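Taking it in order: structure first as structure tokens, then the write-up.
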2 protein chains.
Amino acid sequence: MDTVDRRIIAALRTNGRLTYADLGRQVGLSASAVHERVGKLEAAGVITGYHAVVDPMTVGLGVTALVGIHPTDTADDEDVAAALAELPEVESCYRVAGDEAFVVKVRVATVDELERSLGRLRRINGVARTRSTVVLSTRFEGRPNVSDVEGPTPRTDG
Amino acid sequence: MDTVDRRIIAALRTNGRLTYADLGRQVGLSASAVHERVGKLEAAGVITGYHAVVDPMTVGLGVTALVGIHPTDTADDEDVAAALAELPEVESCYRVAGDEAFVVKVRVATVDELERSLGRLRRINGVARTRSTVVLSTRFEGRPNVSDVEGPTPRTDG
DNA sequence: GCTGAAATCCTTGGGAT
DNA sequence: ATCCCAAGGATTTCAGC
């Protein structure tokens, strides 16, 4: 994990469809060298995947809520987590410190559907109650936090 | 936005580096047809980008917190949002209903850094106080919520 | 770990249905 | 809106250092 790796990662975080040839030009290596490095980063679990990001609005998921999950006294975390994973509208799931066992992000089409989804959440075995925070607007989301991104490194040869 | 578009989107959400040729094989269209459809989806703002996803652990960002931002009486939302956007450790930022103006997701290396980050958040003009929820583990995050993903559609011709 | 070369595959535009 | 084609480019592997 040197500077070149970090620059490759940074570049792929902002544009996951960059070609190895392009990446090579940016970091000053051949396409094959970049290919090899990226392969190793993937194998090492540093890069876990590549995903297209879709505007939720355009795909009919205009309602987002952050929901805290209060567990019952006898709740089993793993069972609750497994049940949460079963619900497709639960986009993210965090085990948290504090008196809420989990915080989840729920995305649905309408407030009606949100109501139904909250009903499903509350019916999960081990869930005592939920605390919902409706998202009015998403200012930004999943932004890369990488510091060392500079200009292109010129190849030493032509 | 027909079924084919939705299947293309679903495929690119799970693998953002799929080639148009591969996509074409999956949905039963030629590479050029898929190329054109993807271009239109991008132009229409349905697909907003492609990003490599990095394991935060391996990149030295092992501490995640969800932070509620309580505004002062005279706070300007836009100013606060702009200040939050300036902080690189703030990975996501949601404007929310309720007495917290924003909920942000912060990712840093250590609890020490988290403390410093919270200091920075509190010093923002318009921020009265913060409420932090430390993430103990991320069960899943940014999971695709797409229903219509089936097997490959055979080409009608050879 | 990198390069350069080579075979294969993909991209991406044009032209036709 | 789709297909096919074809030129140019990218991928991927491998010998050589």
Side-chain angles (χ1 to χ4, degrees), chain A residues 1-55 58-60 146 148-158, chain B residues 1-55 58-60 146 148-158:
Chain A
M1 265 288 268
D2 58 1
T3 303
V4 174
D5 279 341
R6 278 189 287 272
R7 290 183 62 194
I8 289 172
I9 290 167
L12 285 174
R13 285 192 69 158
T14 58
N15 182 1
R17 278 185 85 83
L18 273 176
T19 64
Y20 297 123
D22 267 338
L23 278 169
R25 283 185 279 268
Q26 286 190 32
V27 303
L29 286 181
S30 68
S32 9
V34 172
H35 181 238
E36 193 168 317
R37 279 173 176 262
V38 171
K40 284 178 184 171
L41 288 169
E42 290 169 355
V46 177
I47 295 175
T48 60
Y50 304 87
H51 303 286
V53 175
V54 170
D55 179 10
T58 67
V59 86
V146 181
D148 47 359
V149 189
E150 292 128 46
T153 302
R155 297 292 305 272
T156 49
D157 54 0
Chain B
M1 267 287 268
D2 59 1
T3 303
V4 174
D5 278 341
R6 277 188 288 272
R7 290 183 63 194
I8 289 172
I9 290 168
L12 286 174
R13 284 191 71 159
T14 59
N15 182 1
R17 277 184 84 84
L18 275 176
T19 64
Y20 297 123
D22 266 339
L23 277 170
R25 281 185 280 270
Q26 286 193 29
V27 303
L29 285 180
S30 68
S32 9
V34 171
H35 182 238
E36 192 167 319
R37 289 175 91 113
V38 171
K40 284 176 184 171
L41 288 169
E42 291 169 354
V46 177
I47 295 175
T48 60
Y50 304 86
H51 303 286
V53 175
V54 171
D55 179 9
T58 66
V59 85
V146 181
D148 45 358
V149 190
E150 293 129 46
T153 301
R155 300 290 303 272
T156 50
D157 55 0

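Note on naming: letters A, B, ... go to the chains in the order of the sequence lines (proteins, then strands), and numbering restarts at 1 for each one. Please read these numbers as outputs of a predicted model, since none were measured by experiment.
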Would you indicate, yes or no, if D:dT12 has its OP1 or OP2 atom less than 4.0 angstrom from a side-chain nitrogen or oxygen of A:His35? yes
Answer yes or no: does a side-chain N or O of B:Arg37 lie under 4.0 Å from OP1 or OP2 of D:dC3? no
Round to a whole Å and report the spacing from OH of B:Tyr20 to P of D:dA10. 14 Å
B:Glu36 side chain, from C-beta outward: closest of C:dT3, D:dT2, D:dT11: D:dT2
D:dA10 OP1/OP2 closer than 4.0 Å to side-chain N/O of B:Arg17: no
Please tell me if the side chains of B:Arg37 and B:Val34 come closer than 4.5 Å, counting only heavy atoms from C-beta onward. no
Could you tell me which non-hydrogen atom of A:Met1 sits nearest to which non-hydrogen atom of A:Leu41, and how far apart they are? SD-CD2, 4.0 Å
Can you tell me if B:Thr48 uses its side chain to pair, donor with acceptor, with the backbone of A:Asp55 under 3.5 Å? no
Check this for me: does the side-chain of B:Ser32 come within 3.5 Å of the base of D:dC4 through a donor and an acceptor? yes
Measure from CG on B:Leu18 to P on D:dA10 and round the result to the nearest Å. 19 Å
Just wondering, do A:Leu18 and A:Arg25 contact through their side chains at under 4.5 Å, heavy atoms? no
Can you tell me how far P of C:dC10 sits from CD of B:Gln26, to the nearest Å? 13 Å
Specify the separation, in whole Å, of atom CG of A:Leu41 and atom C1' of C:dG1. 14 Å
B:Leu29 CG to C:dT12 C1', straight-line distance once rounded to whole Å: 16 Å
Send over the distance from A:Asp22 CG to D:dG8 P, rounded to a whole Å. 19 Å
What contact category does B:Thr19 fall into here, base, sugar-phosphate, or nothing, at under 4.0 angstrom with non-hydrogen atoms? sugar-phosphate
